There are 2 protein chains.
Amino acid sequence: MLKVSYLGPEGSFSHLLAMERWKEGCEFLPYKTINEIFEALMKKESDLALVPIENSFGGLLYDTVDELVSRNFLRSRLRIKEEISKRIKLCILGRKGEKPQRIYSHPYPLIYMRNWLKKNLPEVEIIEVSSTAEAARLSSETPGALAIASKEASKIYNLDVLYEDRSKKPKNITSFFVIGEGKNPRSGEDKTAVVFSLKHAPGTLYRALGAFAKRKINLTRIISRPHPERRKFGEYIFFVEFEGHEDDPSVKNALKNLSLSTLYYKTLGSYQRIEL
Amino acid sequence: MLKVSYLGPEGSFSHLLAMERWKEGCEFLPYKTINEIFEALMKKESDLALVPIENSFGGLLYDTVDELVSRNFLRSRLRIKEEISKRIKLCILGRKGEKPQRIYSHPYPLIYMRNWLKKNLPEVEIIEVSSTAEAARLSSETPGALAIASKEASKIYNLDVLYEDRSKKPKNITSFFVIGEGKNPRSGEDKTAVVFSLKHAPGTLYRALGAFAKRKINLTRIISRPHPERRKFGEYIFFVEFEGHEDDPSVKNALKNLSLSTLYYKTLGSYQRIEL
């Protein structure tokens, strides 16, 4: 049976998405942190992992980015298999009739709900926690505590839905990567991700990006991180995602050219973007 | 009297650094979030703000970056005045004789202390909170709760220092920006920060960086963020920091050249790096 790991506990948006994507016949394994999800994959405790990568309000999830650029990941046979995007519908959970004193939330939903909270719950203390499901779990244990979480989490943690976001705009979308072993075939609508590091000198990033610019390859994500294995300011590792498949002749050429100007370089996979 | 805002509550590393940098004759104003610090500056509730920008273990502080690239900041007269770097010495705080059950911490100290915690407190539940001082405050209210915080926070929150990190290596350094009004004169050892956005098309970042590469200007930070005012994937805003002062002829030339290839561009200031 296919084992899929996700950011738990049960009732998180990752959990809901995993159930929607893989339906029945899978075993879903919750982990407490992104780091533990990746460790489980390395140890083959699971076959696939579903990890959040970007939210349209909070931005990138750097815990995931840092695992993708870590030495252990780059040495592994793991690759990005899919990107799945999904609209997130947030709810305020709690118990009817209780006076709200605090609200638990992951930091990203707070950004989306900021104005609503200021208007409707101005006096309530905000406590940031590691996931929306953890927020619901903590809320279920504490009198007067609310949570920002999914509607489904209300059932699991025995809470009332006090408010449900139904606004069509602005859209709150989260994008996830599916991670697993092996290379995907070309689909015709692929993106490719690479990681590289550069000598810290004038013009190195400029030359590296030239590999893509000269072939009119469109970048879809560029993320710079302080180098995780060298604790010095000014040394960066780059995660770059662009349109095309690693087997496309122009992409092959660009990557060959890129490898000449980088200290280190690895392709993380070519994959499709799916909207659920 | 000079009013300096910082990320509170009292006893945070920001607070300690503010007291070291400005000594007496200042009023220090604690705020709960980076966003509130910036709002206070805009409303002139404070003259200067001290905000963390990067930790050598946790990486960049994106709450700060997002304020620096926000429309409100870019429209203001505020600029980066100084960068201050300081070695952070972490302690485990709690009450002697109590059995530890949970530990509160900002996420970044957890990365630095990860191995120590696995070895010495493997069974303790980890709860992430918004600052080290908030961790100490919560610990002081809860039996069996520890905190990762500064030695000074133990006095403020009446806790015992159960462990003090004395390791010389690896060095845990946090870098802060001082934000205020007005342009700094040239010191000869300056860095300059700019923010820009680009058309989403092949080669735009390559051409923008060419402005620096062609003049052998060394980049010291490059940060990309999903565009905060356009909630679409693939649109980025860039924060770039490099060596030199905005009044240096080569920098002036580079910025003039940069402005030709960007949709939007603004200099955030030229400033020195100070180590305390």
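Remember, predicted model here, so these are calculated numbers, not experimental data. Naming convention: chains lettered A, B, ... in sequence-line order (proteins, then strands); numbering from 1 in each chain. The figures that follow rest on heavy atoms only: side chains count, while hydrogens, waters and symmetry mates do not.
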* To do: Flag the pair B:Phe238 / A:Ile222 as yes when at least one side-chain heavy-atom distance between them is below 4.5 Å, and no otherwise.
  => yes
* To do: Taking atom CD of B:Glu125 as the centre, report whether more than 12 heavy atoms of other residues, nucleotides or ligands fall under 6.0 Å from it.
  => yes
* Under the salt bridge (charged side-chain N to carboxylate O under 4.0 Å, His left out) test, residues paired with B:Asp248 that sit two or more places apart -> B:Arg186
* Structure fact -> The interface call for A:Tyr62 against chain B, heavy-atom contacts under 4.5 Å, is side chain
* Taking A:Glu128, A:Lys216, A:Glu243, A:Arg207 one by one, which has the highest count of heavy-atom pairs under 4.5 Å against chain B? -> A:Lys216
* Asked: How long is the gap from CD1 on B:Ile126 to OG1 on A:Thr33, to the nearest 0.5 Å?
  -> 9.0 Å
* Separation between CD1 of A:Ile111 and CG of B:Asp63, rounded to the nearest 0.5 Å -> 7.0 Å
* Between A:His200 (side chain) and B:Leu219 (backbone), is there a donor-acceptor pair under 3.5 Å? -> yes
* Pairwise side-chain contact, A:Arg114 with B:Asn35, heavy-atom cut-off 4.5 Å (strictly under) -> yes
* Using non-hydrogen atoms only, which part of A:Ile217 is less than 4.5 Å away from chain B: side chain, backbone, both, or neither? -> backbone
Distance-only donor-acceptor pairs under 3.5 Å for side chains of residues 250-257 of chain A, two or more places apart:
none

* So which of A:Ser224, A:Ala201, A:Gly59, A:Pro107 has the largest heavy-atom pair count under 4.5 angstrom toward chain B? -> A:Ser224
* Looking only at non-hydrogen atoms, find the nearest pair between A:Pro202 and B:Asn218 and report the distance. => N-OD1, 3.5 Å
* Asked: So, for A:Gly203 and B:Ala213, which heavy atoms are closest and what is the spacing to 0.1 Å?
  -> CA-CB, 3.5 Å
* Quick check: are there more than 12 heavy atoms from other residues, nucleotides or ligands sitting under 6.0 Å from CD of B:Glu123? -> no
